[in-house]
Amino acid sequence: MNNLTYSKQKSEDVAPRVEEIIRKDLNSSSPLIYSLAESGIQAGALESIAKTAANFIFGGNETVLFRMKFDIATPKPITLEVNVNRQGIGSHVGSITFSAFINKMITAEVALEAPKFFGSSKFTGDATVASKLNGNKNLLKAADKFARVQSDIGGGLKMDRYFRLIPAANGTHIVVITLPRATSMGMSATTDANDFFGIVEMIDAAL
């Protein structure tokens, strides 16, 4: 069983199990290379988002034990940063930060609304950019589903939505903080990592 909840806390014990799930989610036939950062290590601008991503989770005291960073090259460059949090004497995967860069310029930040009871959330912020994104119903459905705000992992996690397009030099950063999803009645779990590629493609095409 590998449901992203573990009875151990050391990175040498837990990280390979997390990599196993990420590899499966990305349909990779080869082990994925990742870097480890223990809690408290300094990070750069985008990495600091992942470093503080546990702060978006509420309903519990999330203490990050370590972070795993995956730089995926194909089918297009993306980065995954996984927070592994303390859970009693064990641990669980908490927030997961996905990021990608596209060569399309925007002038102001755009964000996806909080989940709605009926229908898909829409993008808000720069009116021109938001209008282009909101014109693609498939994108809205995929983005709404991918940017989860609650999960059954770790006894139950909840967080505010974080799905943003951030202006950058010569392009735009797409950053999503989400949570893992329990499957097989809690016996397994997934990050749905492969879905992020399609979301990035749709955003790129819309802009």
Side-chain angles (χ1 to χ4, degrees), residues 1-28 31-32 34-41 43 46-72 78-99 112 114-117 121 142-164 175-196 199:
M1 182 178 74
N2 189 352
N3 60 0
L4 296 177
T5 300
Y6 309 103
S7 60
K8 299 181 179 181
Q9 295 184 349
K10 292 183 178 180
S11 57
E12 58 264 36
D13 297 320
V14 176
R17 302 295 307 281
V18 177
E19 184 275 337
E20 178 183 308
I21 292 287
I22 301 294
R23 186 194 333 153
K24 178 181 177 182
D25 290 347
L26 291 173
N27 299 318
S28 175
L32 301 174
Y34 57 87
S35 59
L36 283 171
E38 302 296 332
S39 181
I41 301 298
L46 273 182
E47 290 176 324
S48 66
I49 295 176
K51 181 182 177 183
T52 59
N55 295 334
F56 289 92
I57 297 178
F58 53 89
N61 183 18
E62 295 296 310
T63 301
V64 178
L65 295 171
F66 61 89
R67 299 188 312 279
M68 299 174 63
K69 181 180 179 182
F70 298 82
D71 289 311
I72 310 300
I78 69 168
T79 297
L80 283 76
E81 295 200 50
V82 180
N83 278 338
V84 177
N85 302 332
R86 183 188 306 277
Q87 182 177 346
I89 61 172
S91 59
H92 68 259
V93 168
S95 54
I96 307 167
T97 302
F98 289 80
S99 60
L112 186 65
K116 296 182 176 182
F117 286 108
S121 302
D144 198 40
K145 180 181 178 182
F146 185 75
R148 283 183 285 274
V149 296
Q150 61 182 19
S151 172
D152 293 332
I153 303 297
L157 301 171
K158 293 183 179 180
M159 62 175 283
D160 292 326
R161 171 161 281 172
Y162 192 106
F163 189 129
R164 300 180 188 179
V175 184
V176 182
I177 302 176
T178 186
L179 296 169
R181 176 171 62 89
T183 61
S184 303
M185 300 183 67
M187 300 297 288
S188 185
T190 180
T191 64
D192 292 317
N194 208 42
D195 293 347
F196 187 61
I199 290 172

Do the non-hydrogen side-chain atoms of Val18 and Val82 ever get within less than 4.5 Å of each other?
yes
Can you confirm whether Asn27 sits close enough to Asn194 that some side-chain heavy atom of one is under 4.5 Å from a side-chain heavy atom of the other?
yes
Please find the pair of heavy atoms, one from Phe196 and one from Val176, that lie closest to each other, and give the distance.
CE1-CG2, 3.9 Å
Could you check whether Asn3 and Ser188, counting side-chain N and O atoms only, form a donor-acceptor pair closer than 3.5 Å?
no
Are Phe146 and Phe163, when compared by the centres of their aromatic rings, separated by less than 6.0 Å?
no
Check the pair Arg181, Thr191 against side chain to side chain donor-acceptor pair (under 3.5 Å), reporting the backbone distance first and the verdict last.
CA-CA 6 Å; Arg181 176 171 62 89; Thr191 64; over 6 Å; no
To the nearest 0.5 angstrom, please state how far the CD1 atom of Ile21 sits from the CG atom of Asn2.
4.0 Å
When rounded to the nearest 0.5 Å, the distance separating CZ of Arg148 from CE of Met159 is 10.5 Å
Is there a donor-acceptor contact under 3.5 Å from the side chain of Arg23 to the main chain of Ser28?
no
Ser35 and Arg67: side-chain donor and acceptor closer than 3.5 Å?
no
Check Pro180 against Gly94 and note the closest heavy-atom contact, atom names and distance.
CD-O, 3.1 Å
Verdict with supporting geometry, Leu26 and Ile72, side chain to side chain contact (heavy atoms under 4.5 Å, CB included)
CA-CA 9 Å; Leu26 291 173; Ile72 310 300; 3.7 Å; yes
Spacing of CD1 belonging to Ile22 relative to CZ belonging to Arg17, to within rounding of 0.5 Å:
13.5 Å
Shortest non-hydrogen contact between Pro115 and Asp144, atoms and distance:
CA-OD1, 4.4 Å
Output the distance between atom CD (Glu12) and atom CG (Leu36), rounded to the nearest 0.5 Å.
9.0 Å
Measure across Ser121 and Lys116 and return the closest heavy-atom pair with its distance rounded to 0.1 Å.
OG-N, 3.8 Å
Taking all atoms of both residues into account, what is the closest heavy-atom pair of Thr183 and Ala189, and its distance?
OG1-N, 3.4 Å
Heavy-atom side-chain contact between Leu80 and Thr97 under 4.5 Å
no
In terms of the angle between their ring planes, are Phe70 and Tyr34 parallel, tilted or perpendicular, with boundaries placed at 30° and 60°?
tilted
Closest approach of Ile89 and Gln9, non-hydrogen atoms and distance?
C-NE2, 3.3 Å
NZ/NE/NH1/NH2 to OD/OE distance under 4.0 Å, Lys145 and Asp192:
no
Would you give the length of the straight line joining atom OH of Tyr6 to atom CG of Asp13, rounded to the nearest 0.5 angstrom?
11.5 Å
Are any side-chain N or O atoms of Glu19 and backbone N or O atoms of Leu32, one a donor and one an acceptor, separated by less than 3.5 Å?
yes
Out of Val64, Asn85, Val84, which one pairs with Ser91 under the side chain to side chain contact (heavy atoms under 4.5 Å, CB included) rule?
Val84
Once rounded to the nearest 0.5 Å, what's the spacing between atom CD1 of Ile96 and atom OG of Ser151?
8.5 Å
Lys10 vs Leu65, test: side chain to side chain contact (heavy atoms under 4.5 Å, CB included). Steps then yes/no.
CA-CA 8 Å; Lys10 292 183 178 180; Leu65 295 171; over 6 Å; no
Does any N or O in the side chain of Arg161 come within less than 3.5 Å of the main-chain N or O of Ala147, such that one atom is a donor and the other an acceptor?
yes
